[in-house]
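Structure, as structure tokens:
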Protein chains: 2
Amino acid sequence: MAGVRAKQKEKTRRALINAAMNQLSAEAGFSSLSLREVAREAGIAPTSFYRHFRDMDELGLTLVDECGLALRQLLRQARQRIETGGSIIRVSVETFMQFVAENTAIFRLLLQERSGRSRSFRLAVVREIEHFKAELEEYLVNEQSFSRELAELQSDTIAKIVFSAGADCFDVNEEERERITETTIAQVRLVARGAEATKRFMK
Amino acid sequence: MAGVRAKQKEKTRRALINAAMNQLSAEAGFSSLSLREVAREAGIAPTSFYRHFRDMDELGLTLVDECGLALRQLLRQARQRIETGGSIIRVSVETFMQFVAENTAIFRLLLQERSGRSRSFRLAVVREIEHFKAELEEYLVNEQSFSRELAELQSDTIAKIVFSAGADCFDVNEEERERITETTIAQVRLVARGAEATKRFMK
DNA sequence: CAAAACAGCGTACACCTGTTCGCTGAATGT
DNA sequence: ACATTCAGCGAACAGGTGTACGCTGTTTTG
């Protein structure tokens with residue numbers, strides 16, 4: 001039974017996280033974020049920031065965790081839609097692109113910090129992307145009967161394509177996003193066809 | 001016949017460009033670069049920076065031009081190696097990965113600024129990557145007899161894979177880079193096989 | 001109820017940033 | 001030879017940064 005103080009503390013912490021997310025943009029990657037600006041937007045004094053996070057790095061790692069939760073939600077959503085019917089590739093790619101459009105800051109953080117900041121940061125980001133790939137790989141093995149090796153290769157390839165395509169979707173209009181989605185679907189199909197041909201060749 | 005002054009000016013300008021390249025790293029994307037630090041490393045007073053560039057943005061655009069030159073050199077090198085013989089995909093991917101290893105700063109700038117900074121910055125970066133893709137597309141049309149449409153789709157897919165794989169190569173040892181190279185070769189082969197199957201299906 | 005804990009505050013510090021302005025000696029142009 | 005240009009300089013400005021420290025009123029704990 002949390003008291004008034006614990007509730008307020010969580011509320012302020014949440015405000016800091018949201019403020020940081022808000023301030024991420026194309027021009028301002030995480031490394032450009034100022035502790036003072038984040039605190040100001042959250043409505044507290046800069047020195048109070050340290051009541052919640054040791055430093056900006058710790059806030060950043062928390063943001064990456066948020067990214068991971070969002071990605072997991074994306075996977076669940078895609079799975080539900082696939083069970084409803086329709087082309088697996090189309091549904092998956094469309095779901096992914098919608099996720100990007102609705103979570104631009106999260107996605108941008110993943111991409112920008114994949115090769116940035118400290119080692120712990122990169123590891124955290126890579127961990128989330130690896131989880132995404134692992135789920136896709138499981139799917140390919142269990143539902144499409146690919147060998148483990150070929151499924152792994154395929155999921156890595158597809159992840160590269162969709163994450164890169166997601167990056168192309170920043171700050172474009174609806175029409176352009178549709179075009180990118182269609183192109184991405186065609187590209188994932190290229191990979192699927194190549195994997196199918198490889199599977200047959202190996203039998 | 002440039003005079004002493006013109007020569008010295010070019011030398012200082014070169015020093016600024018090199019200093020900026022030196023200071024690009026995983027932790028310090030371009031937006032983190034400090035005009036004063038760049039000037040210091042180049043051996044001049046900060047205010048002298050304005051004798052060469054209007055601001056840091058202009059320096060950044062110059063860096064992107066340097067990236068473009070390097071990418072063009074990469075394409076020439078890959079073409080020469082292909083003519084010497086060997087698997088086209090292997091030679092191309094190996095050449096690309098070697099380029100990344102030798103030009104980490106340049107490559108990192110391309111990736112980080114693809115979705116960063118100002119509009120003019122992004123356009124400059126995208127222009128260079130588009131040129132890379134266009135050359136690959138020409139190759140697929142002229143040497144492999146793909147339709148223009150399929151060649152374009154393929155080159156975009158391959159570019160996504162190799163640029164993403166390049167990003168995986170930052171700060172890894174030789175052995176790990178070899179492993180990534182082999183995986184990338186296998187992935188590009190997936191795409192090629194898929195494209196081949198698509199070509200046959202369309203005939 | 002009294003003592004302890006603490007979320008948030010304000011002051012202050014040391015340092016950094018980009019940029020303007022005027023100066024100077026060497027190079028260049030006439 | 002003289003006048004002009006300019007690469008580079010230093011002083012200064014205004015503004016920003018992250019962080020240490022001590023205080024205070026409210027909440028929590030025993």
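In this structure A:R5 satisfies the salt bridge (charged side-chain N to carboxylate O under 4.0 Å, His left out) test with no other residue, sequence neighbours excluded. Listed by chain and number, the residues in a salt bridge (charged side-chain N to carboxylate O under 4.0 Å, His left out) with B:R90 are B:E94, B:E182 (sequence neighbours excluded). B:R76 meets the salt bridge (charged side-chain N to carboxylate O under 4.0 Å, His left out) test with no other residue; sequence neighbours excluded. Judged as a ring-ring contact (aromatic ring centres under 6.0 Å, His included), and not counting sequence neighbours, B:Y139 has no contacts.
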Which pairs would a plain distance check flag for residues 125-138 of chain B, meaning a side-chain donor or acceptor within less than 3.5 Å of a matching protein atom at least two apart in sequence or in another chain?
from: B:R127; atom 1: NH2; to: B:D65; atom 2: OD1; distance (Å): 3.3
from: B:E128; atom 1: OE1; to: B:R72; atom 2: NH1; distance (Å): 2.7
from: B:E130; atom 1: OE2; to: B:K133; atom 2: NZ; distance (Å): 3.3
from: B:K133; atom 1: NZ; to: B:D156; atom 2: OD1; distance (Å): 2.8
from: B:E135; atom 1: OE1; to: B:R79; atom 2: NH2; distance (Å): 2.4
from: B:E137; atom 1: OE2; to: B:R148; atom 2: NH1; distance (Å): 3.1
from: B:E138; atom 1: OE2; to: B:R148; atom 2: NH1; distance (Å): 2.7
from: B:E138; atom 1: OE2; to: B:R148; atom 2: NH2; distance (Å): 3.4

Could you tabulate the donor-acceptor pairs under 3.5 Å formed by side-chain atoms of residues 40-50 of chain A, not counting sequence neighbours?
from: A:R40; atom 1: NH1; to: A:E37; atom 2: OE1; distance (Å): 3.3
from: A:R40; atom 1: NH1; to: A:E37; atom 2: OE2; distance (Å): 2.5
from: A:E41; atom 1: OE1; to: A:Q23; atom 2: NE2; distance (Å): 2.8
from: A:E41; atom 1: OE2; to: A:N22; atom 2: ND2; distance (Å): 2.8

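Residue A:E10 is out of contact with every strand shown, counting any heavy-atom pair closer than 4.0 Å. No engagement by B:F49 is indicated, since no non-hydrogen atom pair under 4.0 Å with the nucleic acid exists.
Atom-to-atom, CG of A:L16 to P of D:dG18 comes out at 13 Å; the value is rounded to the nearest Å. In this entry the distance linking CE of A:M56 with C1' of D:dT17 reads 12 Å, nearest Å. Atoms CZ (A:F53) and P (D:dG18) sit 15 Å apart, rounded to a whole Å.
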Exercise. Can you give one letter per nucleotide of nucleotides 6-12 of chain D, 5' to 3': B if a protein heavy atom sits under 4.0 Å from the base, S if only from the sugar-phosphate, - if neither?
Worked result: BBBBBBB
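For DNA chain C, the span of nucleotides reached by chain B at under 4.0 Å from its heavy atoms goes, 5' to 3', from C:dT17 to C:dT28.
Between B:V4 and B:Y50, it is B:Y50 whose nearest contact on DNA chain C lies nearer the 5' terminus.
For the residue pair B:T12/B:Q8, the side-chain donor-acceptor check at 3.5 Å is satisfied.
Residues in residues 95-107 of chain B take part in no salt bridge (Lys or Arg N to Asp or Glu O under 4.0 Å) pair, two or more places apart or across chains.
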